[in-house]
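Below is one structure, written out as structure tokens, with a few remarks after it.
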Amino acid sequence: IYCIFSLLSVDVSLGLTIAFTVWRPKGCTGGIMKRILFCLVLLLSGLTLSAQEIYEFTVTNADGKSVALSNYRGKVLLIVNTATRCGFTPQYKELEALYEQYAAQGLEILDFPCNQFGQQAPGTAAEIRQFCSTNFDVRFPQFDKIDVNGPTAAPLFTYLKEQKGFAGFDLKEKAGQVLDRVLRKQDADYDKKSDIKWNFTKFLISRDGHVLRRYEPTEPINNIEKDIQQQLASSSMEQKPVGKPSNKEKKPRTTSRAKK
């Protein structure tokens with residue numbers, strides 16, 4: 001899809017160049033014409049980028065096989081970056097409970113291990129899957145290890161971060177206070193950036209592919225469950241707003257696309 005839009009953009013840009021070369025409005029100098037053409041090309045590029053949606057991405061599962069997210073069209077998704085040696089690792093139990101309760105109604109939980117936070121997700125994807133199966137009886141889909149921040153970040157998470165920025169830790173909880181103190185010591189403005197802050201950050205996706213909300217690891221699972229119930233109860237494909245919106249939301253502006 002991205003390739004098609006890119007080709008269309010190039011074709012239209014080329015057509016505009018030829019058109020303006022043949023026909024130049026009265027009073028327009030060469031410099032003005034170049035600026036007009038440049039603005040039109042930028043506009044077309046923006047339209048191309050805004051056409052992206054979550055179902056365009058392809059990810060790799062724990063067996064090394066490619067999985068198109070379009071396979072989950074019509075499902076309510078909870079996408080999470082995880083770790084096996086983190087203080088939040090017991091959340092696997094809570095996530096599995098959600099999956100067992102709501103999978104039949106259309107919930108899918110997509111688990112992406114990440115070793116970027118304190119190197120708390122060591123081992124291979126197979127070893128991580130074995131750990132989760134043995135300790136938490138995890139049955140929801142698990143994928144290959146990825147990065148979620150930086151130049152090597154998985155395109156999916158780059159997209160998710162652009163859709164929903166940092167939602168804020170629960171500072172009433174000790175874990176939230178600790179994370180805030182540690183991260184603020186590293187970067188006084190960390191909370192103004194959309195990067196993933198720690199393990200077990202979650203994104204809720206509607207049945208029609210909208211990124212509805214981001215949950216930081218300190219978000220109580222009960223709050224997430226209420227939002228999931230609301231989405232599952234929707235009989236239509238229309239998006240329902242959930243909870244309070246993130247205080248940092250950005251418009252889509254991705255350049256990475258699904259592999260074809």
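Because the structure is predicted, anything quoted here is derived from the model rather than measured.
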Just how far is it from atom OG of Ser70 to atom CD of Glu53, taken to the nearest 0.5 Å?
9.0 Å
Might you point out which heavy atoms bring Gly106 and Leu232 nearest each other, and give the distance in Å?
C-CD2, 3.8 Å
So if I apply the side-chain hydrogen bond (donor to acceptor under 3.5 Å, both in side chains) rule between Lys161 and each of Thr201, Asn149, Asp195, which one comes out positive?
Asn149
Above 12 or not: heavy atoms from other molecules or residues under 6.0 Å from CZ of Arg85?
no
Any luck finding a side-chain donor-acceptor pair between Glu219 and Asn223 under 3.5 Å?
yes
Testing the basics here: between Lys193 and Asp187, what is the closest heavy-atom pair and its distance to 0.1 Å?
NZ-OD2, 2.5 Å
Could you tell me whether the side chains of Lys145 and Gln116 share a donor-acceptor contact shorter than 3.5 Å?
no
Run the ring-ring contact (aromatic ring centres under 6.0 Å, His included) check on Phe203 and Tyr215 step by step: do they pass?
CA-CA 6 Å; Phe203 293 88; Tyr215 307 96; 8.8 Å; no
What's the spacing between Asp170 CG and Leu179 CG if we round to 0.5 Å?
11.0 Å
Any luck finding a side-chain donor-acceptor pair between Gln130 and Thr134 under 3.5 Å?
yes
For Arg214, is there an ion pair with Glu216 - N to carboxylate O distance below 4.0 angstrom?
yes
Can you tell me how far the CG atom of Leu98 sits from the NZ atom of Lys93, to the nearest 0.5 Å?
13.0 Å
Just checking, is any N or O donor in the side chain of Asp111 or Tyr92 under 3.5 Å from an acceptor N or O on the other one?
yes
Working to the nearest 0.5 angstrom, can you tell me the gap between Asp189 CG and Leu183 CG?
12.5 Å
Might you point out which heavy atoms bring Trp198 and Pro217 nearest each other, and give the distance in Å?
CB-CG, 4.2 Å
What about Phe157 and Phe112, are their ring centers closer than 6.0 Å?
yes
Check whether the side chains of Tyr102 and Glu225 place a donor and an acceptor atom closer than 3.5 Å, and report yes or no.
yes
Give me the atom names and distance for the closest heavy-atom approach of Leu69 to Tyr55.
O-CD2, 3.4 Å
Looking at Asp63 and Arg129, is there a salt bridge between them, counting it only when a charged N and a carboxylate O are closer than 4.0 Å?
yes
Asn61 and Gln142: CA distance, side-chain angles, deciding distance, side chain to side chain donor-acceptor pair (under 3.5 Å) verdict:
CA-CA 6 Å; Asn61 67 16; Gln142 293 185 285; over 6 Å; no
Could you state the interatomic distance from CD (Gln229) to OG (Ser234), rounded to the nearest 0.5 Å?
14.0 Å
Treating Ile, Leu, Val, Met, Phe, Trp and Tyr as nodes and any side-chain heavy-atom pair under 4.5 angstrom as an edge, say whether Val148 and Val182 lie in one connected cluster.
no
Shortest non-hydrogen contact from Phe140 toward Ile109:
CB-O, 3.5 Å
Using only atom types and a distance under 3.5 Å, with no angle test, would you say the side chain of Lys197 pairs donor to acceptor with the backbone of Tyr190?
yes
